[in-house]
Amino acid sequence: MTAKSTSQAVAIPRALTVKELADMLGISAIEVIKRLMTNGVMASQNQTIDYNTAAIVALELGFDPEEMAAPVAAVAPAAVEEEDVVDDPASLKPRPPVVTILGHVDHGKTSLLDRIRKTKVAAGEAGGITQHIGAYQVVMDGKRITFIDTPGHAAFTAMRARGAQVTDIAILVVAADDGVMPQTIEAINHALAAGVPIIVAINKIDVPAANPDRVKQQLTEHGLVVEEYGGDVIAVPVSAARGDGIDDLLESINLVAEVAELKANPDRAASAVVIEAELDSSRGPIATILVQAGTLHQSDAVVVGETSGKIKAMFDDKGGRVKAAGPSTPVIIMGLETVPEAGERIRAVADERLARQIVEARRREREAAEQTDHARVNLDTLFNEISAGKLKELIIILKADVRGSAEALKASLERLSNDEVKIKIIHSATGPVSDSDVMLAEASNGVVIAFNTKVDPSAKKRAEVSGIDIRSYNIIYQVLEDIDKALQGMLEPIYTSVVDGHAEVRHVFKSSRLGGIAGCFVTDGTLHRGSNVRVLRGKEELARTRCEGLKRFQDDVREVQTGYECGVVLSNFDKFQEGDVIEFFHEERVR
């Protein structure tokens with residue numbers, strides 16, 4: 001079947017299957033698959049492709065493609081679902097503040113949470129909380145406060161990385177006897193990056209070595225100036241062990257909340273965020289959620305990520321069943337088809353049919369996005385982003401081996417700012433690059449610089465998945481040169497080693513003219529004369545050199561493939577032993 005008349009306009013969605021494209025262009029799916037193959041794309045007729053890929057095929061067939069606003073068969077639900085509702089100011093009503101507690105692992109965060117639970121259990125909760133759900137409410141002077149019990153600033157930032165601005169107020173716990181620690185600094189930077197008010201709880205004031213004034217002084221060095229020193233940060237001395245200062249802390253939270261005038265519209269379709277979720281053996285997928293706007297009702301149809309469902313039951317933080325949950329209320333819900341991820345957004349929609357359509361539209365969007373590169377900031381594309389006016393600020397997370405290096409590098413990098421782009425270091429610390437650093441880069445769309453320090457394997461893997469740029473250096477001027485060149489679009493290309501094949505040494509021959517010749521068997525790949533090689537003996541690398549010659553019997557050859565024997569001559573190395581492995585590789589440009 002041939003294509004329709006030339007230059008005919010065709011509207012193509014951001015994602016569609018190969019078969020849908022074929023139907024749209026009036027040709028067979030086989031023809032589309034062939035066209036894709038000639039352009040280096042392997043796809044079956046039911047596989048999803050993105051607009052750019054589909055447009056190439058359409059252009060080759062004489063069509064004039066243009067991008068649709070949303071995927072085929074899901075234009076309406078996707079558009080309706082993604083649209084943020086702007087509430088009428090008259091419909092907004094006060095809501096409880098949502099508080100997250102951050103701090104160094106040993107400074108009493110858990111003890112403080114436990115003390116607040118015991119002393120200020122909400123009205124009607126006699127007997128204490130019977131079911132910990134990761135979020136709960138307490139009452140102070142008749143006003144409710146919602147606490148989110150996260151595992152720490154890593155989870156706090158993971159939610160922000162997914163676009164979930166959950167917290168209204170961050171409580172920073174610092175031990176009076178220990179002072180500001182590296183994790184405390186990290187917590188400060190995460191809270192500042194989130195742009196939320198910070199209240200400092202100086203814990204352990206009851207221990208003999210307590211020195212609250214030293215803590216306040218240390219906080220000033222990291223950008224948190226307490227009220228006593230002329231700043232605007234409230235610092236409350238507390239003792240989680242004895243219960244001292246708990247009422248003062250809760251009063252401070254209410255005070256900050258009043259100033260912030262936190263409000264939401266309870267009279268519309270609910271919007272919420274997942275705090276934690278799991279697969280329960282008896283109840284199926286369950287999720288602890290925090291309602292942010294509207295009111296969620298039992299039997300509502302909901303969408304979260306790429307799953308949907310109908311609310312079968314809701315439970316409060318005491319395990320009691322509830323029929324409705326308003327803004328800033330944490331509840332457990334049942335009825336989702338699969339387990340969602342923490343930080344994902346939940347929205348109530350008109351009915352289950354619409355929910356399924358939205359999920360299908362999201363699945364298509366993801367499949368199409370997986371075929372394109374991550375749109376994260378990296379040094380290679382920095383100049384193009386600046387030139388296009390898309391970037392005004394380069395966010396950097398800086399990790400170094402010692403504090404002196406970190407401070408010197410931070411000062412030098414910030415001086416590279418110019419009229420077009422400002423360099424902003426939002427977190428600077430010592431130690432290896434961790435998952436938390438990568439999550440902060442995700443949340444802020446930044447890059448990670450590692451100076452004289454390692455990158456944790458888990459952080460490296462996470463960075464690869466999320467498209468975060470991690471750069472490792474051991475000389476300061478190289479860091480500054482690279483950033484400066486990136487700002488000017490002059491960053492030099494980097495290369496990676498690509499293995500072409502391996503040969504195992506079976507015999508060693510001596511030649512008066514050539515020295516030692518390795519009689520080899522090619523175990524995999526293809527060996528090329530002139531290639532770079534590594535000589536490996538067990539796990540030890542003996543030499544890195546170049547292949548000067550390949551021989552098959554008495555003939556010189558250019559290449560030898562898997563399964564054949566050959567003679568290998570290397571430049572400046574002939575100390576072969578039987579069992580050695582010669583690895584052939586070439587350098588390939590990464591950017």
Side-chain angles (χ1 to χ4, degrees), residues 94-104 107-123 125 129 132-160 164-174 184 187-188 190-203 224 226 232-238 240 243 245-264 272-276 288-293 316-317 325-331 342-343:
R95 63 171 178 82
V98 180
V99 179
T100 302
I101 298 188
L102 305 174
H104 190 73
H107 283 193
K109 170 178 170 278
T110 304
S111 304
L112 186 60
L113 285 166
D114 288 343
R115 175 62 67 176
I116 291 169
R117 287 190 192 113
K118 289 173 185 172
T119 57
K120 288 293 171 186
V121 175
E125 292 187 20
I129 294 170
H132 170 53
I133 66 166
Y136 60 94
Q137 285 190 330
V138 302
V139 173
M140 177 69 186
D141 296 335
K143 297 176 181 177
R144 288 182 178 268
I145 301 170
T146 301
F147 283 88
I148 303 294
D149 186 3
T150 71
H153 47 262
F156 177 80
T157 304
M159 288 188 176
R160 288 190 53 249
Q165 188 70 13
V166 176
T167 308
D168 298 313
I169 300 168
I171 304 295
L172 179 71
V173 181
V174 188
T184 316
I188 291 170
H190 283 245
L192 289 172
V196 296
I198 299 170
I199 296 174
V200 179
I202 303 176
N203 192 24
L224 292 187
V226 299
D232 56 1
V233 175
I234 298 173
V236 183
V238 298
I246 299 300
D247 284 358
D248 293 338
L249 181 62
L250 297 176
E251 280 177 12
S252 297
I253 292 169
N254 279 333
L255 178 64
V256 172
E258 280 178 24
V259 172
E261 295 185 339
L262 303 169
K263 293 181 179 181
V273 67
V274 178
I275 303 301
E276 58 189 31
T288 302
I289 69 165
L290 177 74
V291 180
Q292 294 180 297
D316 61 19
D317 54 5
S328 298
T329 303
V331 285

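Residue indices begin at 1 and follow the sequence shown.
Within the 4.5 Å cutoff, side-chain heavy atoms of Arg95 are placed close to those of Asp168. Pro97 is not listed as a side-chain neighbour of Val256, based on a closest heavy-atom distance of 4.5 Å or more. Taking 4.5 Å as the limit, every side-chain heavy atom of Leu102 sits out of range of all side-chain heavy atoms of Ile188.
Taking CE from Met140 and CG from Asp248, the interatomic distance works out to 8.0 Å, rounded to the nearest 0.5 Å.
Taking the side chain to side chain donor-acceptor pair (under 3.5 Å) definition, one finds that Asn254 meets it with nothing, sequence neighbours left out. With sequence neighbours left out, Glu258 forms a salt bridge (Lys or Arg N to Asp or Glu O under 4.0 Å) with Lys143. Legend: residues meeting side-chain contact (heavy atoms from CB on, under 4.5 Å) with Val233, ordered by chain and number and at least two apart, are Val200, Leu224. Every residue meeting the side-chain contact (heavy atoms from CB on, under 4.5 Å) condition with Thr329, not counting sequence neighbours, appears here in chain and number order: Gln137, Ala325, Val331. Remark: Lys263 pairs with no residue by the salt bridge (Lys or Arg N to Asp or Glu O under 4.0 Å) rule, at least two apart or across chains.
Between Asp317 and Ala135, the closest heavy-atom pair is CB-O, 3.6 Å. The minimum heavy-atom distance linking Thr167 with Val196 is given by the pair O-CG1, 3.3 Å. Of all heavy-atom pairs spanning Val291 and Gly326, the tightest one is CB-O, 3.3 Å. Here the closest non-hydrogen pair linking Pro96 and Pro327 is CD-O, 3.8 Å. Annotation for Ala235 and Pro237: closest pair O-CD, 3.9 Å, computed over non-hydrogen atoms. Asn203 approaches Ala240 most closely through the heavy-atom pair OD1-N, 3.0 Å.
Checked against Ile171 for a side chain to side chain contact (heavy atoms under 4.5 Å, CB included), the options Val99, Ile116, Val236 give a single hit: Val99. In summary, of the residues considered (Leu255, Leu249, Leu172), a side chain to side chain contact (heavy atoms under 4.5 Å, CB included) with Ile199 occurs for Leu249 alone. Tested against Val98, the residues Ile169, Val166, Leu262, Ile145 include a single side chain to side chain contact (heavy atoms under 4.5 Å, CB included) partner, Val166. Of the residues Ile101, Ile275, Val273, the one that meets the side chain to side chain contact (heavy atoms under 4.5 Å, CB included) test with Ile148 is Ile275.
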### Query
Could you walk me through whether Leu112 and Ile246 pass the side chain to side chain contact (heavy atoms under 4.5 Å, CB included) check?
CA-CA 8 Å; Leu112 186 60; Ile246 299 300; 3.5 Å; yes

